[in-house]
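All remarks here apply to the structure that follows.
A note on names: the letters A, B, ... follow the listed sequences, proteins ahead of strands, and every chain is numbered from 1. Just so we're clear, the structure is a prediction, and the values are computed from it rather than from any experiment.
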Amino acid sequence: MLDQGVFYFFAALAILSAILVVTRRNAVQSAIFLVTALLATAGIFLNLNAEFLFIVQVILYAGGIMVLFVFVIMLVNLDVALHQVQFNRQWFVALIVSAVLAAQVAAAIAVSRRTLYTVPAAPAESLEPNTERVAFYLFHNYMLPFEIASILLLVAMVGAVVMAKKRV
Amino acid sequence: MNDTIARSILVVSLVKVVVLLFLVLTAVAYLVWFERKVAAHIQGRWGPYRVGPHGLLQPLADGVKFLLKEDATPAGVDRFLYFSAPLLTMTLAISAIAMIPFGPASIHIFGIATPLVIANISVGLLAIFAITSVGVYGVALGGWSSNSKYSLLGGLRSSAQMISYELSLTLSVVGILLLAGTFNLSELIMRQDGYTWGHLPKWNLLNPTFPQILGFFCYFVAAIAETNRAPFDLAEAESELVAGYHTEYSSFKFAMFFLGEYASMITVACLASILFLGGWLSPFPQTPGLDWTRYLPAGVLAVAGVALIIHGVRYINVFGRIALPVLGVILGALSFLCSQPGVIDDIQGPFWFLAKVLFVLFVYVWVRWTLPRFRYDQLMRFGWKVLFPVALLNVILTSLAVVMRK
């Protein structure tokens with residue numbers, strides 16, 4: 001009962017902030033509502049007893065990536081965009097895309113409805129500590145993809161530094 | 001049945017939250033007094049002296065002043081963010097303290113035994129880092145929403161600094177995680193129990209596998225930068241930026257930024273003592289020869305009480321001649337209480353923990369009034385080219401040592 005209440009609270013918060021992200025004209029405010037949406041998602045993770053995922057979500061997305069977003073938005077003066085009338089209103093395309101997406105999600109839920117609702121929740125005490133679990137799968141079953149991803153990130157980082165250096 | 005237990009646990013937690021909140025806010029107020037006193041004595045001054053004996057009521061006067069001053073809001077601010085930034089800073093800084101364990105003993109509230117920590121969660125250390133990483137928003141948004149150039153520059157500077165030093169801060173404790181293998185703060189302390197060669201405590205700073213001296217250095221420097229304190233207080237470099245990100249804040253909104261800064265100082269000091277200095281563990285082994293160290297809490301309180309009484313009766317004004325001896329008598333009574341058989345074991349943990357935290361805080365203040373402020377490019381160069389590689393080196397060396405030990 002309490003779990004459900006907490007879930008609906010965070011879900012409502014996430015959806016509300018997601019809507020505000022796209023409707024706000026002010027870029028900083030949009031970014032802040034995106035942070036709220038990410039934090040609400042983190043809350044849902046916590047409600048599912050996935051503490052490690054919750055912490056990673058907060059540290060990486062809310063505390064890392066979004067801080068850089070906000071930082072760049074604050075550096076670049078976006079006041080001009082605030083006062084301009086948007087003329088490229090592409091309602092129609094957006095409507096089709098979101099309708100397709102909604103249909104996709106609905107279909108996914110409809111297909112997996114039975115399995116989705118019959119998986120019994122594991123009691124919190126019987127679970128292994130989250131962090132060990134994640135580490136085990138990451139470095140045991142998915143070692144190669146993990147290393148490939150890290151090399152990819154390293155390449156991107158070095159590339160960004162090289163490109164920035166050229167200008168100076 | 002289950003429901004009533006859950007409800008009473010909730011009530012007990014609430015009681016603990018209220019008590020801790022009161023203690024933390026008082027501690028923050030007196031930390032300001034402590035800092036001003038230490039600063040004054042370092043510079044050969046007296047510091048606060050007028051409000052109460054030795055300025056002891058100065059925090060109270062400051063609080064009243066913060067509440068009663070005019071709360072001016074400059075024109076053109078982003079109202080929602082302008083109001084939420086100080087709130088965010090203070091709330092986050094204070095809520096991090098919920099994860100700190102203050103002692104091994106349990107206390108009884110309404111007949112339910114409960115440990116001296118509010119949230120004893122399995123990922124406690126990471127949770128504190130998560131909270132500090134979100135704390136950047138208070139500074140950045142406060143600077144941006146004030147609609148002032150000084151605030152914006154201060155906010156940008158300090159958020160850039162906090163992002164840079166957060167890396168070293170998190171990396172500096174990885175060595176400890178490798179040694180202990182847990183994120184839980186109470187367990188992290190428990191792993192440091194024991195003594196090398198019978199006398200040297202096995203704190204992480206002096207860990208027999210690999211002493212975390214490099215890690216402690218990185219942690220402390222990064223923590224000073226993370227809390228925007230001198231010599232890394234570029235966010236509020238008054239000679240360049242008036243006051244930095246909180247230039248446009250007045251009255252209680254400024255006080256909230258202020259409280260947040262000092263509360264995060266306390267968190268960082270608590271974390272330093274938990275991670276590197278053995279938390280609530282006593283530095284003396286409980287061998288027959290050193291058994292008398294159990295009476296140290298009572299002894300320290302008794303000496304402080306007697307000193308206060310002797311000094312107080314000769315104080316320059318009447319209020320001090322009454323207040324200081326009364327304070328001394330209270331300390332003496334506490335000292336008597338701490339030497340009683342039932343209490344003496346429970347008091348050991350909190351005493352050593354608070355002693356270590358106070359020591360770290362003193363060093364914190366000492367550093368502030370000793371070192372001049374860094375220049376901005378020096379700060380960035382130091383963070384990325386010195387601190388970060390050193391923290392990384394510490395991780396590599398520690399993991400090598402751990403593997404060799406196995």
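Scanning for ring-ring contact (aromatic ring centres under 6.0 Å, His included) contacts around Phe257(B) gives Tyr245(B), Tyr249(B), with sequence neighbours left out.
Annotation: side chain of Ile189(B) is in contact with side chain of Pro101(B) (closest heavy-atom distance under 4.5 Å). Contact check for Phe183(B) versus Glu51(A): no side-chain heavy atoms found under the 4.5 Å cut-off.
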Tabulate below the donor-acceptor pairs under 3.5 Å that side-chain atoms of residues 94-103 of chain A make, not counting sequence neighbours, or state none.
| from | atom 1 | to | atom 2 | distance (Å) |
| --- | --- | --- | --- | --- |
| Ser98(A) | OG | Ala94(A) | O | 2.5 |
| Ser98(A) | OG | Leu95(A) | O | 3.2 |

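When the candidates Val134(B), Leu152(B), Thr170(B), Leu141(B) are compared by the number of heavy-atom contacts under 4.5 Å with chain A, Leu141(B) comes out ahead.
The contact between Val67(A) and chain B is made by backbone and side chain atoms together, counting heavy-atom distances below 4.5 Å. Heavy atoms closer than 4.5 Å to chain A are found in the side chain of Ile163(B), but not in its backbone. Looking at Leu81(B), only its side chain comes within 4.5 Å of chain A, counting heavy atoms on both sides.
Residue pairs meeting the ring-ring contact (aromatic ring centres under 6.0 Å, His included) criterion with at least one partner in residues 12-32 of chain A, sequence neighbours excluded, are absent.
At a heavy-atom cut-off of under 4.5 Å, chain B is reached by Phe52(A), Ile55(A), Val58(A), Ile59(A), Ala62(A) from residues 52-62 of chain A, listed in order of number.
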Practice problem: Apply side-chain contact (heavy atoms from CB on, under 4.5 Å) to the pair Leu271(B) and Thr267(B), showing each step before the final yes or no. | Solution: CA-CA 6 Å; Leu271(B) 216 52; Thr267(B) 316; 5.6 Å; no

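Remark: side-chain polar atoms of Tyr219(B) are paired, donor with acceptor, to backbone N or O of Val268(B) under 3.5 angstrom. Using a distance-only test at 3.5 Å, with no hydrogens or angles considered, no donor-acceptor pair links the side chain of Ser151(B) to the main chain of Gly143(B).
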